[in-house]
There are 2 protein chains.
Amino acid sequence: MREDDPVPTERTSSGDPARTLQLLWRDAPAAPDRRRGPRRGLSIDAVIDAATAIADTEGLDALTMRRVAKDLGVVPMTLYTYVPGKAELLDLMLDAAYARMPRTDTTGRPWRQRVTALAEENKALFARHPWAATVSTARPPLGPGQMAKYEHELSALDGLGLTDVEMDDCLAHLLAFVQASARAAADARAARHDSPMNDQEWWEANAPLLARVLDEKTYPTAVRVGAAAGAAHGSAYDPDHAYAFGLERVLDAFAALIDRGTGG
Amino acid sequence: MREDDPVPTERTSSGDPARTLQLLWRDAPAAPDRRRGPRRGLSIDAVIDAATAIADTEGLDALTMRRVAKDLGVVPMTLYTYVPGKAELLDLMLDAAYARMPRTDTTGRPWRQRVTALAEENKALFARHPWAATVSTARPPLGPGQMAKYEHELSALDGLGLTDVEMDDCLAHLLAFVQASARAAADARAARHDSPMNDQEWWEANAPLLARVLDEKTYPTAVRVGAAAGAAHGSAYDPDHAYAFGLERVLDAFAALIDRGTGG
DNA sequence: ATTAACTCTGTACGCAGTACGTTGTACCAC
DNA sequence: GTGGTACAACGTACTGCGTACAGAGTTAAT
């Protein structure tokens with residue numbers, strides 16, 4: 001019952017970036033002397049799909065090269081003829097997930113609806129692929145999915161009176177918020193999952209020590225507010241509420257930029 | 001030069017939570033029959049400090065039980081008499097880091113200054129301990145450091161006309177923003193670090209393929225805005241700018257809550 | 001003096017990513 | 001045909017991780 005599984009962030013993009021870009025755009029490998037040797041039994045997309053299926057249903061820590069290989073009926077090392085390594089596989093998974101995102105057209109609608117739609121699309125992405133919230137995107141894979149997503153999302157922010165730089169800044173801010181929410185939600189889910197006790201049991205088990213130690217005199221505000229917040233939402237942390245509250249804040253913040261000069 | 005180092009998120013809190021709480025509060029182990037056996041050569045704090053030093057200077061992926069043990073001159077398994085496991089060690093490290101945060105007293109100052117101070121304190125935490133931004137805090141370790149931090153930060157938001165629940169919500173929103181910024185900054189740093197090429201070299205290496213593939217007709221907004229953003233800050237992503245911009249947004253958002261009714 | 005609790009140690013297991021060398025297959029030039 | 005060659009797939013093996021487990025040594029209570 002240890003079950004420590006560390007849920008790694010698994011930074012992407014390790015090896016030769018040019019090779020990774022070629023893979024992302026499905027660019028043929030220069031084809032100097034095309035197609036010798038035995039036929040390939042799999043495809044990059046089969047590998048990506050198998051890996052994505054595992055990560056979706058069992059989490060990033062269950063996603064191992066050995067496991068992907070087993071699901072595809074090959075030996076682990078075979079995967080390395082399709083993909084340079086695990087980091088690049090994650091890049092490809094992420095770009096594929098981006099590419100598959102449904103993109104609602106909100107042209108003509110009021111800007112709050114448009115921004116909300118963007119947030120919801122990304123929230124849905126992280127709901128379908130919880131691992132996507134936890135892979136790091138330093139130097140994000142500039143694949144077709146990423147580009148389509150970026151184009152779509154910028155378009156939704158176009159024509160609101162923002163400068164180009166502000167559009168990029170606002171989008172980054174919004175996406176960071178949604179991703180942080182998704183990460184927090186995933187963390188909360190994970191905490192619930194791999195602990196044999198639920199929130200109530202946990203509280204009961206720790207109440208004696210906490211009662212002794214969480215003194216109302218030393219932590220007056222914390223005790224007061226913590227109790228109020230805990231009572232308001234059912235538990236100590238409510239991801240849905242945090243998302244709803246935060247999205248309203250982000251919208252208000254954008255309003256201060258967008259409505260400036262128009263008498264906000 | 002592979003150097004894939006996955007920068008794990010390393011979820012905290014795996015084993016018996018009651019034991020973890022005891023460790024956090026340095027609660028004696030029930031002492032039924034106190035102190036038999038040989039004298040301890042180390043202390044929990046020595047283990048925490050050694051681990052923190054490693055994580056600070058070399059990153060979370062360099063933080064292994066073996067490494068901590070080596071730095072302390074003991075064999076790896078010895079650590080397990082001080083700490084139930086690596087997850088709990090991370091909890092303790094985080095709470096200790098919280099406890100050591102300098103907390104500036106901003107009573108009486110305008111609320112924007114107070115909130116900004118909170119953000120800066122947390123930004124400084126993540127600057128000193130970059131790993132802290134990447135460890136997950138589902139069911140955060142309710143240690144003395146965490147509580148002192150929570151009390152301090154709520155106090156800064158007290159008396160602004162917010163309800164208790166709103167105070168908690170706003171604080172969570174602010175902290176999530178700072179943490180997300182720190183994560184992004186750490187990602188950017190990591191990408192620069194473990195790639196032999198800098199941004200310019202990377203661009204030059206990939207320019208041919210990107211030029212062929214990033215069509216202005218298919219991605220008009222993306223190309224336009226991406227160019228503008230890239231030109232405005234020096235590179236593709238500027239963590240400092242993102243933080244500054246985002247903090248202004250968060251403050252504007254809070255203003256909409258705080259100044260409501262007072263003629264905002 | 002004996003015993004029991006406790007610290008520290010050494011060895012070992014399972015699992016990860018993946019380097020490396022081999023085997024077998026299919027196309028190309030002859 | 002037939003040999004050469006490029007390539008896919010495989011098997012083995014290495015390093016390093018967290019930590020279970022069993023033993024050896026050390027101290028305080030009996």
Side-chain angles (χ1 to χ4, degrees), chain A residues 1-12 14-16 28-44 46-47 51 54-55 58-70 72-90 194, chain B residues 1-12 14-16 28-44 46-47 51 54-55 58-70 72-90 194:
Chain A
M1 286 297 124
R2 277 278 120 176
E3 199 62 36
D4 194 70
D5 45 37
V7 186
T9 301
E10 308 266 5
R11 205 182 44 277
T12 63
S14 66
D16 178 17
D33 196 13
R34 65 192 82 122
R35 304 285 101 234
R36 213 106 71 122
R39 247 165 279 280
R40 319 201 75 175
L42 305 169
S43 66
I44 296 196
V47 175
I54 295 169
E58 300 172 52
L60 251 199
D61 47 319
L63 178 65
T64 69
M65 298 299 271
R66 287 170 157 87
R67 176 64 198 284
V68 176
K70 206 185 76 176
L72 289 170
V74 294
V75 90
M77 286 312 291
T78 299
L79 300 179
Y80 289 85
T81 67
Y82 292 89
V83 157
K86 195 186 181 183
E88 289 78 3
L89 175 55
L90 279 163
D194 69 0
Chain B
M1 288 300 119
R2 277 278 119 176
E3 199 66 35
D4 194 68
D5 46 37
V7 185
T9 301
E10 308 265 8
R11 206 182 43 276
T12 63
S14 65
D16 178 17
D33 197 12
R34 66 192 76 125
R35 301 286 102 233
R36 213 107 73 123
R39 247 166 278 281
R40 319 201 77 176
L42 305 169
S43 67
I44 297 197
V47 175
I54 295 168
E58 300 171 53
L60 251 199
D61 47 319
L63 178 66
T64 68
M65 297 301 270
R66 288 169 157 88
R67 176 63 198 284
V68 176
K70 206 185 76 175
L72 289 170
V74 294
V75 89
M77 284 312 291
T78 299
L79 301 179
Y80 288 87
T81 67
Y82 293 89
V83 157
K86 195 187 183 184
E88 289 79 3
L89 175 55
L90 280 163
D194 70 359

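Among the protein residues, B/Thr78 comes within range of the nucleic acid bases, having at least one heavy atom under 4.0 Å from a base atom.
Look at CD on A/Glu88: it is 13 Å from P on C/dG17, rounded to the nearest Å. Atom CG of A/Asp61 is separated from atom C1' of C/dG17 by 16 Å (rounded to the nearest Å). Rounded to whole Å, the distance from CG on A/Leu89 to P on C/dT18 is 10 Å. Summarising the geometry, the separation between CG on A/Leu63 and C1' on C/dG17 is reported as 12 Å, rounded to the nearest angstrom. Regarding A/Lys70, its NZ atom lies at a distance of 16 Å from the P atom of D/dC10, rounded to whole Å. If you take CG of A/Leu79 and P of C/dA19, they are 13 Å apart, rounded to a whole angstrom. Taking atom CE on B/Met65 and atom P on C/dT9, their separation rounds to 14 Å, with Å as the unit. Atom CG in B/Leu60 sits roughly 15 Å away from atom C1' in D/dG18 (whole-Å rounding).
Proximity of A/Thr81 to the phosphate of D/dA8: no side-chain N or O atom is located under 4.0 Å from OP1 or OP2.
Going from atom OG1 of B/Thr81 over to atom CD1 of B/Ile44 covers 9.5 Å, rounded to the nearest 0.5 Å.
A side-chain donor-acceptor contact under 3.5 Å links B/Tyr82 to the backbone of B/Leu42.
Considering only side-chain atoms of B/Thr64, the nucleotide from C/dG17, C/dT7, D/dC17 that sits closest is D/dC17. Closest to the B/Lys86 side chain, of the nucleotides C/dG24, D/dT19, C/dT9, is D/dT19. Closest to the A/Arg36 side chain, of the nucleotides C/dC27, C/dT7, C/dG17, is C/dC27. The A/Tyr82 side chain lies nearest to D/dA9 when the options are C/dA12, D/dA9, C/dT18.
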Report the C-alpha separation of A/Leu90 and A/Leu63 in whole Å, then their side-chain angles, then the decisive distance to 0.1 Å, and conclude whether the side-chain contact (heavy atoms from CB on, under 4.5 Å) test is met.
CA-CA 10 Å; A/Leu90 279 163; A/Leu63 178 65; 4.2 Å; yes
B/Leu72 and B/Thr78: CA distance, side-chain angles, deciding distance, side-chain contact (heavy atoms from CB on, under 4.5 Å) verdict
CA-CA 10 Å; B/Leu72 289 170; B/Thr78 299; over 6 Å; no
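Judged by atom type and distance alone, A/Arg66 reaches the base of C/dG17 through a side-chain donor-acceptor pair under 3.5 Å.
Position along DNA chain D of the nearest nucleotide to B/Met77 versus A/Gly37 favours A/Gly37 as the more 5'-ward residue. Comparing B/Arg39 and A/Tyr80 along DNA chain C, the residue whose closest nucleotide (by nearest heavy atom) sits nearer the 5' end is B/Arg39.
Closest heavy-atom contact between A/Pro76 and A/Arg66: CG-CG, 3.9 Å.
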